[in-house]
Amino acid sequence: MGIVLNSLQDLFDAVGQSESGKVSENGRIQKEIIEKTELSVFETFQGSFGIKLALAPHPQQLNFLERPIGERVTETFIQLIKFSNTVDKGMLKEYLLKLKRRSASRYRKFLMTLINSEANFYFDWGSVNPEKGGKAVLNFDNVIQTIDFINKMEVEDPAEYTVNGQLIAANKNTSNLEIETFQDKKRYIGKANSKVVNNKEIELTIGRFYTAKIQEISSINPTTAEEKTEYTIIDLLYWNR
């Protein structure tokens, strides 16, 4: 259950970032957003297994011009559950595209934490706003189907972003390049596409600095719970200081 709750918290944080309009695909989510999407456990109950969660109130959010982020995040979450429990995933895709990639990825990870239960998931939102609230259920079969659906979305529309870093390794036989970024020392190992391999104007020199455009596709195998991330270097330039 701890893994489920941690994953749910990560999802709420990502959706909170989307709802605030301060979306970023990498790096930490802003502290002021996390403070407004923090979940706390205040009761558990028996049955299959139940738990009650609450979002801490934030008076600075409560104004007549804007709904609290916590309320918007919860409403979005219950809509995700409802759309996931349908055969036609068109509305789910539209919703996930609006929320952006980080939210979609974290929703997929949250669904993965439900697989071991092999049970349906019930959600009852008791909102303090009398105009909000509601119930949703996600059948176990649709958990797996939704994970597969998000995997396919990744393949159809992979993430693309630019990093600056040092070339650590290059394999001529496989066309694999390894780049370590300046900012966080993260290493990306990916296959260079034909555009990069055939570019005579850019020499691959170990230790030299480059700007690389990277395409990323991530997926999760519902059967093994294995997460796989593939990188492709789709453009490479000398880094301009």
Side-chain angles (χ1 to χ4, degrees), residues 1 3-25 28-45 48-114 117 119-140 142-143 145-147 149-150 153:
M1 183 53 65
I3 295 174
V4 175
L5 292 177
N6 285 335
S7 180
L8 182 61
Q9 182 65 74
D10 288 342
L11 172 60
F12 267 51
D13 293 343
V15 175
Q17 188 187 53
S18 295
E19 292 291 345
S20 69
K22 302 176 181 178
V23 181
S24 64
E25 301 297 343
R28 294 183 179 180
I29 294 176
Q30 299 89 332
K31 181 181 178 181
E32 62 269 20
I33 293 175
I34 293 177
E35 289 176 346
K36 296 172 184 176
T37 56
E38 184 178 8
L39 293 164
S40 59
V41 178
F42 71 92
E43 185 178 348
T44 61
F45 52 93
S48 297
F49 185 79
I51 190 166
K52 289 186 178 182
L53 303 171
L55 285 159
H58 290 273
Q60 69 271 22
Q61 271 190 299
L62 303 179
N63 58 68
F64 295 106
L65 300 178
E66 183 181 9
R67 290 167 54 207
I69 287 183
E71 180 181 293
R72 285 182 278 158
V73 169
T74 309
E75 185 173 34
T76 294
F77 175 67
I78 200 170
Q79 287 297 333
L80 286 173
I81 296 298
K82 289 180 177 179
F83 293 149
S84 298
N85 207 45
T86 60
V87 176
D88 182 0
K89 297 292 191 290
M91 290 298 296
L92 175 64
K93 181 177 182 178
E94 182 179 325
Y95 226 63
L96 291 175
L97 289 174
K98 182 188 73 172
L99 291 172
K100 306 301 182 184
R101 195 172 305 274
R102 184 187 295 222
S103 294
S105 176
R106 291 194 176 184
Y107 182 52
R108 178 175 52 188
K109 288 183 179 180
F110 166 71
L111 294 176
M112 278 299 306
T113 66
L114 304 178
S117 68
N120 297 339
F121 176 69
Y122 298 89
F123 183 74
D124 188 352
W125 176 22
S127 176
V128 295
N129 183 345
E131 297 181 357
K132 299 296 179 180
K135 299 180 180 181
V137 59
L138 180 58
N139 295 329
F140 176 71
N142 279 320
V143 171
Q145 291 175 13
T146 302
I147 292 171
F149 180 78
I150 298 176
M153 284 183 61

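For reference, positions follow the sequence shown, starting with 1. Below, all heavy atoms of this structure are taken into account, side chains as well, without hydrogens, waters or symmetry copies. Predicted, not measured: the structure shown is a model, and the values here were computed from it.
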By side chain to side chain donor-acceptor pair (under 3.5 Å) - contacts of Asp13 (at least two apart): Gln9, Thr37

Set of salt bridge (Lys or Arg N to Asp or Glu O under 4.0 Å) partners for Lys109, sequence neighbours left out: Glu227

Full working for side-chain contact (heavy atoms from CB on, under 4.5 Å) between Val73 and Leu55: CA-CA 10 Å; Val73 169; Leu55 285 159; 5.8 Å; no

Residues in side chain to side chain donor-acceptor pair (under 3.5 Å) contact with Thr76, at least two apart in sequence or another chain: Glu19

Neighbour count above 12 (heavy atom, 6.0 Å) for Ile3 CD1: no

Sequence-distant partners of Glu94, side chain to side chain donor-acceptor pair (under 3.5 Å), two or more places apart: none

Set of salt bridge (Lys or Arg N to Asp or Glu O under 4.0 Å) partners for Lys82, sequence neighbours left out: none

All ring-ring contact (aromatic ring centres under 6.0 Å, His included) counterparts of Tyr107, not counting sequence neighbours: none

side-chain contact (heavy atoms from CB on, under 4.5 Å) partners for Lys52, two or more places apart: Phe42, Glu43, Phe45

Stepwise side-chain contact (heavy atoms from CB on, under 4.5 Å) check, Val41 with Ile51: CA-CA 7 Å; Val41 178; Ile51 190 166; 3.7 Å; yes

Those residues that, when tested against Phe77, pass ring-ring contact (aromatic ring centres under 6.0 Å, His included) (two or more places apart): Phe12, Phe110, Phe123

Residues which pass side-chain contact (heavy atoms from CB on, under 4.5 Å) with Phe149, listed by chain and number, not counting sequence neighbours: Lys89, Leu92, Lys93, Met153

Arg106 side-chain N/O to Asp10 backbone N/O, donor-acceptor pair under 3.5 Å: yes

Glu75: salt bridge (Lys or Arg N to Asp or Glu O under 4.0 Å) partners, not counting sequence neighbours: Arg67, Lys132

Expected output: side-chain Thr86 to main-chain Phe83 donor-acceptor under 3.5 Å: yes

Results of side-chain contact (heavy atoms from CB on, under 4.5 Å) for Asn6 - residues two or more places apart only: none

Contacts of Lys98 that satisfy side chain to side chain donor-acceptor pair (under 3.5 Å) - sequence neighbours left out: none

